[in-house]
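Take a look at the structure below.
A quick note: this is a predicted structure, and the numbers were derived from the prediction, not measured.
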Amino acid sequence: MATINLYKIEKGQKEKFFESVKKKYNILGEKNITINSKGDDEQKIEKKYNMKMFFSPSSEEKELSWSWALKLFDKTESSKTSPSGFISIETEENTYAISFSFAYFSIDPYCDKNFPFEFARRLEYKNIRTTALTNPNSMKNKTINTYLDYSNLDFDSGESLSKIKGKVRLPDNFELFNETIEIGNSIKFIRANPSLEDIARIIEYVEEVIEKEEEKVKIPLLQRITDEKIINSLNETLLNDIEDDNIEIDFSEYQIYATNVVFNQNFQYKLKYKTKTEDIDILNEKTIREFADKHKLDKKDLLDIKVIVHEDNKSKFTTSVKKLMFYTNEKEKAILTNGEWYKYNDDYLKYLHDSLSELTVEYDKEYDFDEEDYEKFLEEKFNKEKLKKEYDGLKEETIKAKIKAKYYKEIYYNTRLVNKGFKSFDRELENLGKHKIEVMDLYKDNTMYSVKIGNSSGKLCYAVDQSIEALKMYHRKQLTGIPKIEKVCLWLVLDRKTPLRVINGVPDINDMNMLILKNKIDIWKKEVRILGYTPIIKINYVQKKS
């Protein structure tokens, strides 16, 4: 049985693709294939396919598993170890490639990554064996699931599919390929003794399915952005955030190339920036930043640090820090992954929307934050405390700034709520190891509250992380002196010009334009329920001075 790993080259990348591969590969042969088929009106249609065999040889002798492809072009260079190759297929409208060995590293940067899933969502699945998922803004940013007897392609909110392997239902007497397929950045088919005409027929079949078949399953995806104007704007925002230290370099355990899952920990690495190099055993944010600090690199240079990947002391491929990191641009609902910009597709956003809509959301105007009252409070504190010894010799504005930092908004807000029957838990406890964690801000009626005031995911997500970690410790009975907890509440005081839209008398949290926060709330909701508690969202607003 032969493996046919089919890529579609993105139309705007065709010239760059051929320019790149001709530097690494020799053309061994070229053939033109013509196939005849019938259109919708039963008229005969003639389709032409120009196919070229590209080959990158090696020097050591070893039999190839894909020697059948070379034989199709009447070539016998099939006894080399670790060579790679691919077949390019050009039609009037599209360009495809079929990769062998490590050629997928050369093809992946130029492929249309939406194409395989346009095919996937039109298939009916008999049995699903493996899925690989991206979980943006989660501690498990990438996961792989394997199944024994499973046929429903279901997704949870916050998940984006990056690979699927399984068996599909095919028409009766179908012989083009086996029912087992894999879909990732490419589509992998299995067929016995394929010919070039078979390859052309498979491409024709895939094109017809995408064009004519109804979608059978909704698949949440990250869809690649190709508009250069949008990409430039996203890159500019990314660089500004790096300059402001408003970003973390987040590396996943694996990358998807074609339909292959490549685990990062299997390799050794060399970091390189211009003439500066260093060997490292572990690739993470710490080693990257240490390299940058050691060689006095500018913050923006982090993205251009090259990562040379080795296995068994042999260089396998070169990538960059930018291709290994995650970053979300909330305004554009875009994410940087594998060095490219993607938009969350409608299916992804719908799953997330529906999940958040299940949450109990409460609003009581009584608990809005009054900015004018807060400023009066600060003025009172200033008048009472300005003569304290700690402020000797300081200017008035400096004293006021220190008092504002001491009585920051959450402290003031929580103090006011204590007067309304809530119990304050504004204290720190030892966490596992050396870290400390704030258990909760407030408690009332068997409910723990994590309170945060802000206008961005960066400011508000802290309450989500705090709530999850504290609840896990409580559940594991690692905390003492904590009253009974049955409900867990995220209390978000939003600093925004207009209130959220209201549905059925309560604020709609889907109206928040904070994608990272919404992803984290969705994860939080699941964690709280898994642990056996009831999640609640409480919304209030900062009331501006009149």
Side-chain angles (χ1 to χ4, degrees), residues 136-137 158 233-234 236-248 327-335 344 349 352-353 356-357 359 361-378 400-401 404-417 426 438 440-442 449-468 489-503 506-525 535-546:
N137 311 123
S233 175
L234 291 168
E236 184 178 349
T237 303
L238 169 63
L239 289 173
N240 289 337
D241 278 354
I242 289 175
E243 191 69 30
D244 296 338
D245 278 330
N246 189 27
I247 187 173
E248 293 182 2
Y327 166 82
T328 298
N329 184 306
E330 294 187 304
K331 182 179 179 181
E332 297 295 336
K333 294 183 173 62
I335 185 170
Y344 295 86
L349 296 173
L352 181 60
H353 177 281
L356 294 180
S357 296
L359 277 163
V361 181
E362 299 175 351
Y363 170 71
D364 188 336
K365 184 175 176 60
E366 176 187 0
Y367 300 124
D368 281 350
F369 181 98
D370 192 309
E371 202 168 61
E372 189 169 346
D373 285 349
Y374 177 54
E375 292 196 1
K376 289 179 182 177
F377 167 82
L378 291 176
K400 286 185 174 181
K404 188 173 184 178
K406 181 179 178 181
Y407 300 104
Y408 55 91
K409 287 182 177 180
E410 279 87 0
I411 286 284
Y412 165 79
Y413 187 69
N414 291 342
T415 302
R416 290 293 187 269
L417 290 172
D426 184 18
E438 192 175 322
M440 54 183 150
D441 293 297
L442 300 167
Y449 294 87
S450 295
V451 181
K452 199 66 183 171
I453 302 170
N455 59 3
S456 67
S457 290
K459 293 180 179 179
L460 296 169
C461 282
Y462 172 79
V464 186
D465 297 335
Q466 169 194 329
S467 178
I468 290 177
C489 179
L490 286 178
W491 198 330
L492 305 177
V493 184
L494 303 178
D495 187 356
R496 50 184 286 146
K497 293 180 180 179
T498 58
L500 300 174
R501 65 171 170 252
V502 175
I503 298 178
V506 297
D508 178 16
I509 59 174
N510 278 299
D511 194 32
M512 296 188 299
N513 189 27
M514 291 181 269
L515 192 56
I516 296 174
L517 177 64
K518 290 194 286 190
N519 268 321
K520 279 188 172 284
I521 289 174
D522 183 51
I523 295 163
W524 167 86
K525 179 197 81 171
I536 300 170
I537 300 289
K538 206 168 180 62
I539 295 292
N540 280 100
Y541 303 102
V542 174
Q543 298 295 345
K544 302 294 184 181
K545 293 187 298 181
S546 57

Ignoring hydrogens and angles, tell me if any N or O in the side chain of K525 forms a donor-acceptor pair with the backbone of P535 under 3.5 Å.
no
Minimum side-chain heavy-atom gap Q466-D441 below 4.5 Å:
yes
Run the ring pair (Phe, Tyr, Trp, His ring centres under 6.0 Å) test against F377 and tell me which residues pass, sequence neighbours left out.
Y407, Y412
Candidate pair N519 and L352, rule side-chain contact (heavy atoms from CB on, under 4.5 Å), full reasoning:
CA-CA 7 Å; N519 268 321; L352 181 60; 3.8 Å; yes
Should the ring pair Y449 and W491 be called parallel, tilted or perpendicular, given that the plane angle runs from 0 to 90° and is split at 30 and 60?
tilted
Within a 6.0 Å radius of atom CD on E236, are there more than 12 heavy atoms belonging to other residues, nucleotides or ligands?
no
When you measure from the side chain of E330 to the backbone of I516, do you find a donor-acceptor pair of N or O atoms at a distance under 3.5 Å?
yes
For L349 and L515, run side-chain contact (heavy atoms from CB on, under 4.5 Å): C-alpha distance rounded to whole Å, both residues' side-chain angles, the deciding distance at 0.1 Å, then the answer.
CA-CA 9 Å; L349 296 173; L515 192 56; 4.2 Å; yes
All side chain to side chain contact (heavy atoms under 4.5 Å, CB included) counterparts of K409, not counting sequence neighbours
F369, E371, Y374, I453, D495
Answer yes or no: is there a side-chain heavy-atom contact under 4.5 Å between W524 and I537?
yes
Stepwise, does the side-chain contact (heavy atoms from CB on, under 4.5 Å) test hold for M512 with L500?
CA-CA 7 Å; M512 296 188 299; L500 300 174; 3.7 Å; yes
So does Y541 get a backbone contact from the side chain of D368, meaning a donor-acceptor N/O pair under 3.5 Å?
yes
Donor-acceptor contact below 3.5 Å, side chain N510 vs main chain H353:
yes
Is it the case that the side chain of Y367 and the backbone of V493 share a donor-acceptor pair, with hydrogens and angles ignored and the cut-off at 3.5 Å?
no
Side chain of N513, backbone of K331: donor and acceptor closer than 3.5 Å?
no
side-chain contact (heavy atoms from CB on, under 4.5 Å) between L492 and M514, worked out:
CA-CA 13 Å; L492 305 177; M514 291 181 269; over 6 Å; no
Is a donor on one side and an acceptor on the other found under 3.5 Å between the side chain of T415 and the backbone of I411?
yes
